[in-house]
Amino acid sequence: MAINLLAWYQKNHRQLPWREDLDPYKIWVSEIILQQTRVAQGIEYYLRFLEKFPDIKTLANSPMEAVYTIWQGLGYYRRAFLIHQGAKFTVEHYDGLLPKSLHELKKIPGIGTYTAAAIASIAFNEPVIALDGNLKRIAARVGCIKEVMGTSVFEKQAMNELKRFFPFNCPGDGNQALMDLSALICTPKNPQCRICPLNAICCAHATGTQMDYPLKATKIPKKDRYFWYLVHSKNGLIAFSRRNFNDIWGGLWEFPLIETSSANELDFLMAFKKKYPDMVLRVSKMVTIPKPHILSHQRIFTTLVHVNNPLLNIPDIEYFDKNNFPPSSTLVKKILAQIV
DNA sequence: AAATCGGGGTG
DNA sequence: CACCCAGATTT
């Protein structure tokens with residue numbers, strides 16, 4: 001069955017800033033930014049990132065703080081840490097030039113199976129399929145795959161389905177064609193099967209079961225967390241501390257934090273006394289934010305504990321001027337906009 | 001294999 | 001409101 005996938009792509013492809021040339025570094029940056037991120041949201045970050053870090057060596061030689069500053073608000077902040085590590089790794093091991101082989105690309109921090117395949121196919125014309133969420137949805141529908149998406153068996157079956165018609169002579173365009181097709185035609189809801197270039201070979205279209213695929217895993221319920229931010233400002237300076245890297249907003253800055261498992265104020269006082277036994281807290285007022293901050297798998301309930309005394313006894317604390325705040329989460333930025 | 005990591009657009 | 005997005009890493 002002849003498929004006019006590339007013809008469809010040539011006529012209908014999206015014009016995107018990382019498609020203007022085939023610089024492997026630019027492809028790399030775009031792929032990291034777009035991980036689990038919508039194209040529309042990523043474009044501005046991509047442009048600002050390349051303006052600040054125009055090449056690998058500039059990125060490698062920049063302080064980590066500068067990368068986090070650009071990454072603010074984008075989410076999944078480990079990506080910022082890892083692309084910086086990846087740039088330093090590339091300078092050290094590959095003289096600042098991305099390697100061309102799939103195997104070598106996957107050694108670079110932050111580059112996994114998908115991203116390595118995307119860079120190799122788009123920038124180096126290597127005949128490999130870059131299996132992202134877009135391609136998984138197409139494969140699941142074309143092949144009526146009965147496995148749950150996310151399992152290794154599903155991925156193997158998805159690759160087998162795509163191999164049947166993937167244009168290995170044009171792998172870069174082939175992958176991007178499938179991504180655009182999935183984003184524009186084979187959408188999660190209301191897929192436009194009537195104008196899809198793959199409809200002649202699609203099992204789901206033939207059986208009218210488009211919305212049954214892909215099969216999804218049962219979702220994890222949201223966890224509730226309770227943050228008590230100690231807000232102290234003096235002489236136009238505000239107290240901050242850096243979050244651990246093994247939790248949400250890792251590496252970003254926030255107000256000194258006490259976390260509890262309930263909204264009970266007594267729990268906060270006990271947790272504070274346990275964490276800082278020798279410190280007296282002079283609270284001027286407590287303000288509970290009415291709505292929780294919503295993340296994919298968590299709800300963050302926040303209370304601002306305005307404090308009169310300096311927080312000098314808390315370790316790893318720094319005071320920042322309100323005209324020079326450190327990189328911080330969307331939640332902290334909203335709070336800052338309220339209190340400054 | 002399962003859990004974890006954000007934020008925002010969409011129907 | 002649920003769902004999902006050019007996934008990788010850790011456990």
Side-chain angles (χ1 to χ4, degrees), chain A residues 13-14 16-19 26-46 68 71-83 85-86 105-123 129-138 140 147-155 172-184 186-191 211 214-223 225 243-252 292-300 327-334:
Chain A
H13 68 85
R14 295 174 289 182
L16 302 169
W18 47 87
R19 288 178 174 172
K26 295 182 182 176
I27 305 299
W28 179 22
V29 171
S30 73
E31 294 301 338
I32 300 300
I33 286 177
L34 292 171
Q35 286 171 4
Q36 296 295 287
T37 302
R38 293 178 181 274
V39 165
Q41 186 186 7
I43 288 178
E44 291 305 313
Y45 282 87
Y46 171 82
Y68 277 86
W71 215 270
Q72 283 179 100
L74 191 55
Y76 286 2
Y77 297 93
R78 187 163 50 189
R79 294 181 291 174
F81 176 79
L82 289 173
I83 197 172
Q85 291 295 111
L105 284 167
K106 282 166 76 170
K107 294 179 181 177
I108 297 170
I111 297 184
T113 305
Y114 160 76
T115 302
I119 296 172
S121 63
I122 297 171
I129 296 173
L131 187 65
D132 74 333
N134 287 308
L135 274 67
K136 288 177 185 177
R137 182 169 55 250
I138 290 178
E147 298 291 329
V148 172
M149 187 167 63
T151 65
S152 57
V153 176
F154 173 92
E155 293 202 359
D173 282 354
N175 281 317
Q176 295 186 86
L178 288 170
M179 293 180 203
D180 282 16
L181 184 64
S182 193
L184 300 173
C186 193
T187 47
K189 297 174 182 174
N190 305 319
M211 295 305 290
L215 277 66
K216 297 165 297 182
T218 57
K219 67 182 176 101
I220 304 166
K222 280 181 167 41
K223 289 176 183 171
R225 300 173 69 174
R243 287 187 64 82
N244 291 335
F245 287 89
N246 58 357
D247 197 357
I248 58 168
W249 303 322
L252 295 181
H293 187 78
I294 306 297
L295 289 70
S296 293
H297 303 296
Q298 300 182 22
R299 292 190 301 177
I300 312 291
S328 56
S329 68
T330 300
L331 171 61
V332 169
K333 285 182 122 27
K334 284 179 182 171

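We name chains A, B, ... by the order of the sequence lines, and we start the count at 1 in each one.
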N/O (side chain, A:Lys189) to phosphate O (OP1/OP2, C:dC3) under 4.0 Å: no

A:Gln36 side-chain N/O to C:dG7 phosphate OP1/OP2 under 4.0 Å: yes

Pick base, sugar-phosphate or nothing for [X], based on heavy-atom distances below 4.0 Å to the nucleic acid.
| X | value |
| --- | --- |
| A:Ile300 | nothing |
| A:Trp28 | nothing |
| A:Arg243 | nothing |
| A:Asp247 | sugar-phosphate |
| A:Thr113 | sugar-phosphate |
| A:Ser152 | sugar-phosphate |
| A:Lys333 | nothing |
| A:Gly73 | sugar-phosphate |
| A:Ser296 | base |
| A:Thr115 | sugar-phosphate |

Nearest-nucleotide comparison on DNA chain B, the residue closer to the 5′ end among A:Gly75 and A:Asn190: A:Gly75

Residue met sooner reading DNA chain B from 5', once A:Arg78 and A:Ile294 are mapped to nucleotides: A:Arg78

Just so I know, are the side chains of [X] and [Y] near enough to count as touching, which here means a heavy-atom distance under 4.5 Å?
| X | Y | result |
| --- | --- | --- |
| A:Leu135 | A:Tyr114 | no |
| A:Glu31 | A:Ile111 | no |
| A:Ile248 | A:Tyr77 | no |
| A:Leu34 | A:Trp18 | yes |

Side chain to side chain contact (heavy atoms under 4.5 Å, CB included) assessment of A:Val332 paired with A:Arg243: CA-CA 12 Å; A:Val332 169; A:Arg243 287 187 64 82; over 6 Å; no

Could you tell me the separation between the [atom1] atom of [X] and the [atom2] atom of [N], rounded to a whole number of Å?
| X | N | atom1 | atom2 | result |
| --- | --- | --- | --- | --- |
| A:Phe81 | C:dT9 | CZ | C1' | 12 Å |
| A:Arg137 | C:dC3 | CZ | P | 15 Å |
| A:Leu135 | C:dC5 | CG | C1' | 14 Å |

Stepwise side chain to side chain contact (heavy atoms under 4.5 Å, CB included) test for A:Thr37 and A:Tyr76: CA-CA 9 Å; A:Thr37 302; A:Tyr76 286 2; 5.9 Å; no

First-last contacting nucleotides on DNA chain B - partner chain A, under 4.0 angstrom, heavy atom: B:dA1 to B:dG11

Greater than 12 external heavy atoms within 6.0 Å of A:Lys223's NZ: no

